[in-house]
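First up is the structure itself, then whatever we jot down about it.
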There are 2 protein chains.
Amino acid sequence: MATLSYPVGVSETTRVMRSDAARTVRAILEAAERVLSKNPAASMEQIAEAAGVARTTVHRRFASREALVDAMAAWATRKFAEAVESAHPESTPPLVALYQVTASVLKVKSDWGFAMSRALSDDPEVARVHADVEERCDRLFRRAQAAGVLRADVDTGWARRVYYALIHEAAQSRDAEPDALATRVVDTLLRGVGTGQGL
Amino acid sequence: MATLSYPVGVSETTRVMRSDAARTVRAILEAAERVLSKNPAASMEQIAEAAGVARTTVHRRFASREALVDAMAAWATRKFAEAVESAHPESTPPLVALYQVTASVLKVKSDWGFAMSRALSDDPEVARVHADVEERCDRLFRRAQAAGVLRADVDTGWARRVYYALIHEAAQSRDAEPDALATRVVDTLLRGVGTGQGL
DNA sequence: ACAACTTGCAACACTAATGACGCAAGTAAT
DNA sequence: ATTACTTGCGTCATTAGTGTTGCAAGTTGT
């Protein structure tokens, strides 16, 4: 049984957390992202070491490995939603929104790639936010279709999956600057890599 | 130490393998693909159960978990190379070759998705074959550029990564028929999902 | 029929990882 | 300064997974 002496996780309580404890939680989350993105099977020991804390401290803050990964997913999901939100995808022309969203999401994705891949969390709140973003994406694509930017004969679901895949691919390039990547993603999404000859 | 009473793996010996043993090896490889593609951290026990054999039998045939995964990678890599080969990508017009290769690879990928994702094997033979296929892909793309099918201003490396990503994405759709998927992949790769308006 | 081979089963040893606990030392907030 | 909180360290228990071995029973090929 998990009987801990004080609260566990990030937002599981309304209690105020002492600043040093909050720093530790943050350090663990960031270290976990760094370590797990390189090796998803890494041990708690390795994560603790990367965070510069003792393994027991990790267990004090997160009741189990699963709880830690869930907290990462929740954290990254919030960042993700914020990124989409900050791009105002509903109130700008579709093409502009596409660039903005792409650039914002790429930033988050390069920092929280592992956590974001764990989107299928059992936390209903996380699932809700992801469904919400997906819905937003579909709305944006439908607006783009209406504006004649997106072809009307392509399935919106397929378009979204291609979009996600391109973002994922672009996020692997850790070197290039974000704006160039966003441009490349949107360009490839809309025009592909062909000339249009011979079709 | 691994001191087994008889040969381990698939092609690690020239000795003739009894037919029932060969069947078992095949069953294990296929079961491992099925199980590991759903859960990469699945235990040998689960793999054995899915293969309908005892766990000890798996260990008799594959000295370690690593050896099993390596054998899967080798097996899938052979299938992969055969698929590319059968499409004759060098001797047909680039556009035709693109369709043929896509369709062939999609078939293999839907059956050996996990094993193929383990492309980065330490087996030099596997690495060689993958590098070979990559080289073939680049050659095909350069021929396509020369033929005016592919834009000259896109990086060949990026085009290949997009191509791989689209194939990966299409392979997730287990329902649709392979030819339709191949068409969709090539279409999206060359034309994207945009109309070309507003760029 | 016979020899060689293969499998399942039961048992075993070993390892790595997880999680819990108490205590001493240190830090934050009042 | 005092109180409450937090951390590191050492330690322990438990579990799950891995890999090995011997043997009886069954199968394959000749």
Side-chain angles (χ1 to χ4, degrees), chain A residues 1-32 35-36 38-72 114 118, chain B residues 1-10 12-32 35-36 38-72 114:
Chain A
M1 270 302 170
T3 48
L4 297 185
S5 47
Y6 40 81
V8 156
V10 185
S11 58
E12 298 191 14
T13 176
T14 55
R15 281 252 323 261
V16 188
M17 192 181 276
R18 238 173 68 176
S19 62
D20 53 350
R23 253 192 309 258
T24 301
V25 167
R26 206 194 185 90
I28 293 173
L29 288 174
E30 291 174 355
V35 172
L36 292 179
K38 283 188 188 165
N39 172 22
S43 67
M44 300 291 268
E45 179 73 54
Q46 291 171 270
I47 295 170
E49 189 188 351
V53 299
R55 187 177 62 91
T56 44
T57 300
V58 179
H59 278 111
R60 264 195 283 255
R61 290 300 164 191
F62 303 95
S64 68
R65 183 196 187 83
E66 198 188 353
L68 170 58
V69 174
D70 283 353
M72 291 172 68
F114 172 83
R118 296 281 140 179
Chain B
M1 270 302 170
T3 48
L4 296 185
S5 46
Y6 40 82
V8 155
V10 186
E12 299 192 13
T13 176
T14 55
R15 281 255 317 266
V16 188
M17 191 181 277
R18 240 173 68 173
S19 63
D20 54 350
R23 252 191 311 258
T24 301
V25 168
R26 205 193 185 91
I28 293 172
L29 287 175
E30 290 175 356
V35 172
L36 292 179
K38 283 186 188 164
N39 172 22
S43 67
M44 301 291 268
E45 178 74 54
Q46 291 171 270
I47 295 171
E49 190 188 349
V53 299
R55 187 175 62 90
T56 44
T57 301
V58 179
H59 278 112
R60 266 195 282 255
R61 290 300 163 190
F62 304 95
S64 69
R65 183 196 187 82
E66 199 189 352
L68 170 59
V69 174
D70 283 353
M72 291 172 70
F114 172 83

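Because the structure is predicted, anything quoted here is derived from the model rather than measured. Order of the sequence lines sets the chain letters (A, B, ...), proteins ahead of strands, with each chain counted from 1.
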Exercise. Where do B:A31 and B:A50 come nearest, in terms of heavy atoms and distance?
Worked result: CB-C, 3.7 Å

Exercise. Can you check whether B:T24 has a side-chain N or O nearer than 4.0 Å to OP1 or OP2 of C:dT6?
Worked result: no

Seminar exercise, completed: Tightest non-hydrogen contact, residues A:A63 and A:A67, listed as N-CB, 4.1 Å

Exercise. To the nearest angstrom, how far is A:R65 atom CZ from C:dA17 atom P?
Worked result: 9 Å

Exercise. Do B:F62 and B:L29 touch side chain to side chain, with heavy atoms closer than 4.5 Å?
Worked result: yes

For this session: Answer yes or no: is there a donor N or O on one side and an acceptor on the other, between the side chain of B:Q46 and the main chain of B:S43, under 3.5 Å?
Result: yes

Exercise. Roughly, in whole Å, what's the span from CD in A:E49 to C1' in C:dA17?
Worked result: 15 Å

Problem set entry | Contact letters for nucleotides 24-30 of chain D, in which S counts primed atoms plus P, OP1 and OP2 and B counts the base, heavy atoms under 4.0 Å | ---BBS-

Seminar exercise, completed: Sequence neighbours excluded, the answer for side-chain hydrogen bond (donor to acceptor under 3.5 Å, both in side chains) partners of B:S64 is none

For this session: Send over the distance from A:E66 CD to C:dG19 P, rounded to a whole Å.
Result: 9 Å

For this session: Could you tell me the separation between the CZ atom of A:F62 and the P atom of C:dA20, rounded to a whole number of Å?
Result: 14 Å

Seminar exercise, completed: note: A:L68, atom CG; C:dA17, atom P; distance rounded to Å ~ 16 Å

Between the protein and nucleotides 9-16 of chain C, which nitrogen or oxygen pairs come in under 3.5 angstrom?
unit_1: C:dC9; atom_1: N4; unit_2: B:T56; atom_2: OG1; d: 3.4

For this session: Answer yes or no: is there a side-chain heavy-atom contact under 4.5 Å between A:R118 and A:M72?
Result: no

Exercise. Rounding to a whole Å, what distance do you find between A:M17:CE and D:dA4:C1'?
Worked result: 15 Å

Exercise. With a 4.5 Å heavy-atom cut-off, do A:R60 and A:T57 have their side chains touching?
Worked result: yes

Problem set entry | Nucleotide of C:dG19, D:dT6, D:dG17 approaching B:S43 most closely (side-chain heavy atoms) | D:dG17

Seminar exercise, completed: In whole angstroms, the gap separating P of D:dT14 from CE of A:M44 amounts to 20 Å

Exercise. Taking all non-hydrogen atoms of both residues, which atom of B:I28 and which atom of B:A51 are closest, and how far apart?
Worked result: CA-CB, 3.9 Å

Problem set entry | Difference in axis direction between the ends of the helix from C:dA1-D:dT30 to C:dT30-D:dA1, five pairs, 10° | 50°

Problem set entry | Pairing residues for A:E45 by the salt bridge (charged side-chain N to carboxylate O under 4.0 Å, His left out) criterion, not counting sequence neighbours | A:R55

Problem set entry | Residues in side-chain hydrogen bond (donor to acceptor under 3.5 Å, both in side chains) contact with A:R18, at least two apart in sequence or another chain | A:D20

Problem set entry | Side-chain touch A:V25/A:M17, heavy atoms, less than 4.5 angstrom | yes

Exercise. Using a cut-off of less than 4.0 Å, is there contact between a side-chain N or O of B:T57 and OP1 or OP2 of C:dG8?
Worked result: yes

For this session: Please state how far atom NE2 in A:H59 lies from atom P in C:dG19, giving the value in whole angstrom units.
Result: 4 Å

